[in-house]
Amino acid sequence: MTTSVSGTEVSSKQQDGCIYELRCVECGRSFGNQPLSICDECFAPLEVFHDLEAVRGVFTREAIARGPNNIWRYKALLPVPEGHQPDLPVGFTPLMEAPRLARRIGAGKLWVKNDAVCLPTLSFKDRVVSVALANAKFFGFETVGASSTGNLANSVAAQAARLGLKACILVPADLEPAKILNTQVYGARLVRIDGNYDHVNRLCSQIADRFHWGFVNVNLRPYYAEGSKTMGYEIAEQLGWRLPDNVVVPMAGGSLIRKIKKAFDELIELGLVEAKPVRYFGAQATGCSPISTAVKNNTEQIEPQRPNTIARSLAIGNPADGPYASRVIRQSGGWAEDVSDIEVVSGIQELAESEGIFTETAGGVTTAVAAKLYAHGRIRPDEETVICITGNGLKTTDALQDRYAQERAVRPRLADFEEYLRELELPAEAAFVGGGVHVG
Ligand SMILES: *Cc1c(COP(=O)(O)O)cnc(C)c1O
Ligand SMILES: [Zn+2]
């Protein structure tokens, strides 16, 4: 079926023998492949269902190892059209041991999955956007967009430029300046909306319907969400095809944590890793904690909140996947926690000083929540735990603005430098030990 709307050819294409399709998560009805995210009968979300049997001989450790050093090594289990030729090397970020952070927070075997350096735009959103835009092209959209808390805007703008698509992106007006600039520089139209993310998202649904644009996290959301699975695949492969005991994951809409579980479950089902119960731990900022609150209340019922936190990339007060995230966490025997904005800043500093990784506020949330989970005995030190760091600190430097004093300039003479050290009242060695020089 092809319809011409506003000069744009939009098709709901069915591929012969396609091994994935959209289905309603509640009633199970099939919707084929089309830009649609909600079941028109029960209003539940649609999700991509893959025929795992069809990839059993294809999605193997050996075949994956022969693939490119990016998320497209897992293409057989990503919902992208047959023959799609990806040209952006997205993902395959480092999984790093974190022994110094482990000592500071009372952990044992601790790993950091470092999407602060995810390419091309330094957040895990690059994974989801590349899968969504592959489908946007296939469905014939010429204009794409997103309702964004920041990182999504950056990634859609950059990847749309690369693909020659027009981009129109809507954000809450109070977004960090760096995230606004990081969108505009790619030539995307950025519209600041006088409201919070939930207002922006509702407006985007209406725009997508009216103008037939491809919004990556609205009408293309089922495809978008599958991109998050690649973080799970990478963790398992980088551990030597094993699963960890625990993962700690930041939550905004609640999609990433669900899809990491989906990835691990698929790997077990296909025999790439040994079956093992993994516990899922969710991280939020207290100023926007609808999912961690639901977990603590042992419910899937999400009470929407009005966000008030510096962790703007996680500030979704009415999370679309909240009920499912809560279910995944509680059924796994995991937990969810939330932390204050002061703890978020400490979390950023802690990770930077101990492991040399500068993360944004969302990573501060994850690090501080991990520390809290160990402190409360929710995670034991003898368990193997991966914390997911999802964005880069250079995008949220305003969160640290008041933490480091602007010192006076020292004249370029040894005597002046020695005088400077005397004023610090520190011996030369101590002045440069990490963590010695905070303000406040
Ligand atoms: C969007 C985002 C998340 C959370 O993603 P959801 O899938 O919506 O829960 C986590 N970290 C960062 C940095 C993000 O931008
Ligand atoms: Zn349904």
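Heavy-atom basis, side chains included; hydrogens, waters and symmetry copies ignored. Both counts, for ligands and for their atoms, begin at 1 and track the order of listing.
- Here Leu314 has side-chain heavy atoms under 4.0 Å from ligand 1, and that is the only part of it that gets that close.
- Heavy-atom distances between Ser123 and ligand 1 stay at or above 4.0 Å for every pair.
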After noting the C-alpha distance and the side-chain angles of Phe281 and Glu337, does the key distance pass the side chain to side chain contact (heavy atoms under 4.5 Å, CB included) rule?
CA-CA 8 Å; Phe281 293 86; Glu337 262 305 343; over 6 Å; no

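- Residue-level proximity to ligand 1 for Lys259 is absent, since no heavy atom of it falls below 4.0 angstrom.
- Remark: at the Zn ion (ligand 2), atom SG from Cys27 and atom SG from Cys39 enclose 110°, rounded to the nearest 10 degrees.
- Distance from atom 8 (O) of ligand 1 to its nearest protein heavy atom, with residue and atom name: Gly253 N, 2.8 Å.
- Using a 4.0 Å cut-off between a side-chain N of Lys or Arg and a carboxylate O of Asp or Glu, Asp87 and Arg162 qualify as a salt bridge.
- Looking at atom 11 (N) of ligand 1, its nearest protein heavy atom turns out to be Thr390 OG1, 2.6 Å.
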Determine, stepwise, if the pair Thr385 / Tyr374 fulfils side chain to side chain donor-acceptor pair (under 3.5 Å).
CA-CA 11 Å; Thr385 300; Tyr374 282 99; 3.3 Å; yes

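- Protein heavy atom at the shortest distance from atom 7 (O) of ligand 1 is Leu256 N, 2.8 Å.
- Between Tyr223 and Phe138, the distance from one ring center to the other does not fall under 6.0 angstrom.
- Near Met251, meaning under 4.0 Å from any of its heavy atoms, are these atoms of ligand 1: 9 (O).
- Annotation for ligand 1: atoms under 4.0 Å from non-hydrogen atoms of Gly254 are 6 (P), 8 (O), 9 (O).
- Under 4.0 Å is where a charged nitrogen must lie from a carboxylate oxygen, and between Glu226 and Lys259 at least one such pair does.
- The salt bridge (Lys or Arg N to Asp or Glu O under 4.0 Å) pairs that include a residue from residues 323-335 are Glu300-Arg327, Glu300-Arg330, where partners are two or more places apart or lie in different chains.
- Polar contact with ligand 1: present for Ala252 (N/O pair, distance under 3.5 Å).
- If you look at Ala362 next to ligand 1, the close heavy atoms, those under 4.0 Å, all belong to the side chain.
- Of the protein's non-hydrogen atoms, the one nearest atom 1 (C) of ligand 1 is Lys125 NZ, 1.3 Å.
- Electrostatic pairing of Lys276 and Asp245 counts as a salt bridge here, judged by a charged N lying under 4.0 Å from a carboxylate O.
- Residues Asp398 and Lys179 are not paired through a salt bridge, judged by the lack of any N-O separation under 4.0 Å between the basic side chain and the carboxylate.
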Kindly indicate, with the supporting measurements, whether the criterion side chain to side chain donor-acceptor pair (under 3.5 Å) is fulfilled by Tyr233 and Glu266.
CA-CA 9 Å; Tyr233 297 146; Glu266 287 173 345; 2.4 Å; yes

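- The Ser255 neighbourhood of ligand 1 comprises atoms 6 (P), 7 (O), 9 (O), with distances under 4.0 Å to a heavy atom of that residue.
- The proximity of Asn151 to ligand 1, defined as any non-hydrogen pair under 4.0 Å, is limited to the side chain.
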